[in-house]
Amino acid sequence: MDTILEAIQSGASGADIANVPIPDHYRAAYVHRDDVAMFEGVESADKDPRKSLRVGDVATPELAPDEVYLAVMASSINFNTVWTSIFEPLPTFGFLDRLGRESDWAARHALPYHVVGSDASGVVLRVGSAVRNWKPGDRVTVHCNYVDDQDPSAHDDSMLASNQRIWGFETNFGGLADLSVVKANQLMPKPTHLTWEEAAVNALCNSTSYRMLVGDHGARMKQGDSVLIWGATGGIGGYAVQYVLNGGGTPIGVVSSPERTAILNAMGCEAVIDRRAEKYRLWSDEHTQDESEWRRLGKKIRELNGGEDVDIVFEHPGRSTMGASVFAAKRGGTVVTCAATSGYMVEFDNRHFWMKLKKLIASHFANYAEAYAANRLIDQGRIHPLLQATYPLDQVGEAALAVHRNEAEGKLAVLCLAPTEGLGIDDPEKRERVGEANLTRFRTP
Ligand SMILES: NC(=O)c1ccc[n+]([C@@H]2O[C@H](COP(=O)([O-])OP(=O)(O)OC[C@H]3O[C@@H](n4cnc5c(N)ncnc54)[C@H](OP(=O)(O)O)[C@@H]3O)[C@@H](O)[C@H]2O)c1
């Protein structure tokens, strides 16, 4: 890997990079099958990713014709790495075994270890024999929609493909490593004004928020729409706020601290609800939701939103908030959801839903076109990375723990081959035009 890094740092040509040997093993963050029972009897909140995420050498897989070897400069922590590392709701080895039965190439994925990570920025080292649009030396970001296009179901919206998977979560050889194997149709050009770590944090969360709010398959926000955004300084929430502002809408951000409120204000989001300060108790006990608290939240939203209910609710906490979210959407409004951080058995009062003709839209990651459009907006400097802090790969467990404990704002990057922060900027003038303040708003001082 040292030779690869040297070639990248010295600005070697694509032809030279194509000649650098690919090592037969590489450093990666992974969970092991031997550990899947390690947290039995432990409460979710107390399951510690530092115990289960190992960092060590793994064997380099063979390259399939539609894949590339990628030198990973940086990656990021997503919630799916938390799920994998605490083996919830299921150990991810079941996904790998199922994938492994699909074909000879797919069989490579069913291993005793699972290399995790669903984001990356880096440099293409080799391309498989069927790859057309990419070549060694290309500087790229990677989106995590892993689709086999032989299935007809993949050809309308590839998120509807019956064998659609999330790379690094439902497949092996993820991005939290010095090397990765990705399909050519996961590659996108690296935004030229960003460092490796800034470029690495966007694809998963940014594309998810784009589909939920902007793309044809989500809520299709219009100019003038108001949008309630839970977790508005979190990974997906922080991009959602930017999409609403860019699209001529009004974001109403929900967060849980004055520091997070200040970040939203600095982004231009004036309407903010601090759910902790307001002491909302949307459930009066484990089994019962409190409609009077939904009403109190609704009143607060209207106070901040010119007396109106919101057109769209950007939902992902799940069980804790879904009842309130369905209640809070306006008559004919839309709740768009992609997750259930606090629990997936959700409950809402169907009377508020049908009598007021609301809509509930399920959304999951993004297809290649949507991810590419979202990446382009980053490249144009219209949407900005939410990088808060950077960890070395050896401390990937610490970073996953911070996300698990809701201690992080925005996104946490992980340096893989990049030896330090701040490298990889190809267009410093563009960076100046986009503005350092926009790029560092989430950085911890
Ligand atoms: N389907 C997909 O493709 C997809 C893609 C990306 C993410 N996801 C999922 O979306 C969820 C959020 O991901 P993320 O990356 O944004 O995570 P994150 O960075 O940890 O942010 C989540 C935010 O949600 C808020 N939150 C957490 N628990 C809550 C609760 N019980 N009630 C109200 N707010 C709560 C927190 O904000 P405050 O404490 O400040 O309110 C937190 O900052 C995760 O479950 C993730 O797995 C799904």
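When reading the values below, keep in mind they use all heavy atoms of this one structure, side chains included, and skip hydrogens, waters and symmetry mates. Counting starts at 1 for both ligands and their atoms, following the listed order. All values reported here derive from a predicted model rather than from experimental measurement. One-based numbering along the sequence shown.
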Asks: Among protein heavy atoms, which lies nearest atom 3 (O) of ligand 1, and at what distance?
Replies: Phe365 N, 2.7 Å
Asks: Between Asp225 and Lys222, is there a side-chain N and carboxylate O pair less than 4.0 Å apart?
Replies: yes
Asks: Please identify which atoms of ligand 1 are closer than 4.0 Å to at least one heavy atom of Pro317.
Replies: 29 (C), 30 (C), 32 (N), 33 (C), 34 (N), 35 (C)
Asks: May I have the step-by-step check of side chain to side chain donor-acceptor pair (under 3.5 Å) for Asn78 and Ser118, ending in yes or no?
Replies: CA-CA 7 Å; Asn78 286 292; Ser118 301; 5.3 Å; no
Asks: Number the atoms of ligand 1 from 1 as they appear, then name those within less than 4.0 Å of a heavy atom of Gly234, with their elements.
Replies: 16 (O), 19 (O), 21 (O), 43 (O)
Asks: Under 3.5 Å, is there a donor-acceptor pair linking the side chains of Glu308 and Ser226?
Replies: no
Asks: Would you mind checking which non-hydrogen protein atom is closest to atom 26 (N) of ligand 1, with the distance to 0.1 Å?
Replies: Arg275 NH2, 3.8 Å
Asks: Can you sort out which atoms of ligand 1 are near Thr321, meaning under 4.0 Å from one of its heavy atoms?
Replies: 32 (N), 33 (C)
Asks: Among all protein heavy atoms, pick out the one at the shortest distance from atom 42 (C) of ligand 1; state its residue, atom name and that distance to 0.1 Å.
Replies: Asn406 OD1, 3.3 Å
Asks: So among Met212, Glu315, Lys359, Met221, which one has a side-chain contact (heavy atoms from CB on, under 4.5 Å) with Val336?
Replies: Met212
Asks: Any atoms of ligand 1 less than 4.0 Å from a non-hydrogen atom of Arg260? List them with their elements.
Replies: 37 (O), 38 (P), 39 (O), 40 (O), 43 (O)
Asks: Using the side-chain contact (heavy atoms from CB on, under 4.5 Å) definition, which of the options Val58, Asp394, Leu417, Val72 pairs with Arg27?
Replies: Asp394
Asks: At a 4.0 Å threshold, what atoms of ligand 1 neighbour a non-hydrogen atom of Trp83?
Replies: 47 (O)
Asks: Pull out every atom of ligand 1 sitting under 4.0 Å from any heavy atom of Cys205, numbered as shown with elements.
Replies: 15 (O)
Asks: May I ask you to check if ligand 1 and Ser342 share an N or O to N or O distance below 3.5 Å?
Replies: no
Asks: Can you tell whether the side chains of Lys356 and Asp309 come within less than 4.0 Å, N to carboxylate O?
Replies: no
Asks: Are Arg220 and Asp216 close enough for a salt bridge, meaning some N to O gap below 4.0 Å?
Replies: yes
Asks: Please indicate whether any nitrogen or oxygen in Ser320 is less than 3.5 Å from any nitrogen or oxygen in ligand 1.
Replies: yes
Asks: Determine whether Tyr210 and Tyr243 satisfy the following criterion, ring pair (Phe, Tyr, Trp, His ring centres under 6.0 Å), listing intermediate values before the conclusion.
Replies: CA-CA 7 Å; Tyr210 179 92; Tyr243 280 115; 5.7 Å; yes
Asks: What residue and heavy atom of the protein are closest to atom 18 (P) of ligand 1, and at what distance?
Replies: Gly235 N, 3.9 Å
Asks: Heavy-atom distances under 4.0 Å decide this one: backbone, side chain, both or neither, for Leu204 against ligand 1?
Replies: side chain
Asks: Which residue holds the protein heavy atom closest to atom 37 (O) of ligand 1, what is that atom called, and what is the gap in Å?
Replies: Gly231 CA, 3.4 Å
Asks: Is the closest basic N to carboxylate O distance between Arg260 and Glu409 below 4.0 Å?
Replies: yes
Asks: With heavy atoms only and a cut-off of under 4.0 Å, state how His364 meets ligand 1: side chain, backbone, both or neither.
Replies: both
Asks: Thinking salt bridges, do Asp379 and Lys430 make one under a 4.0 Å N-O criterion?
Replies: yes
Asks: Which residue and non-hydrogen atom of the protein lie closest to atom 46 (C) of ligand 1, and at what distance in Å?
Replies: Phe79 CB, 3.4 Å
Asks: Salt bridge or not between Arg296 and Glu293? Use side-chain N to carboxylate O under 4.0 Å.
Replies: yes
Asks: Which residue owns the protein heavy atom closest to atom 39 (O) of ligand 1, what's the atom, and how far is it?
Replies: Ser256 OG, 2.6 Å
Asks: Just to confirm my output: which protein heavy-atom neighbour is closest to atom 13 (O) of ligand 1, and how far is it?
Replies: Ile236 CG1, 4.1 Å
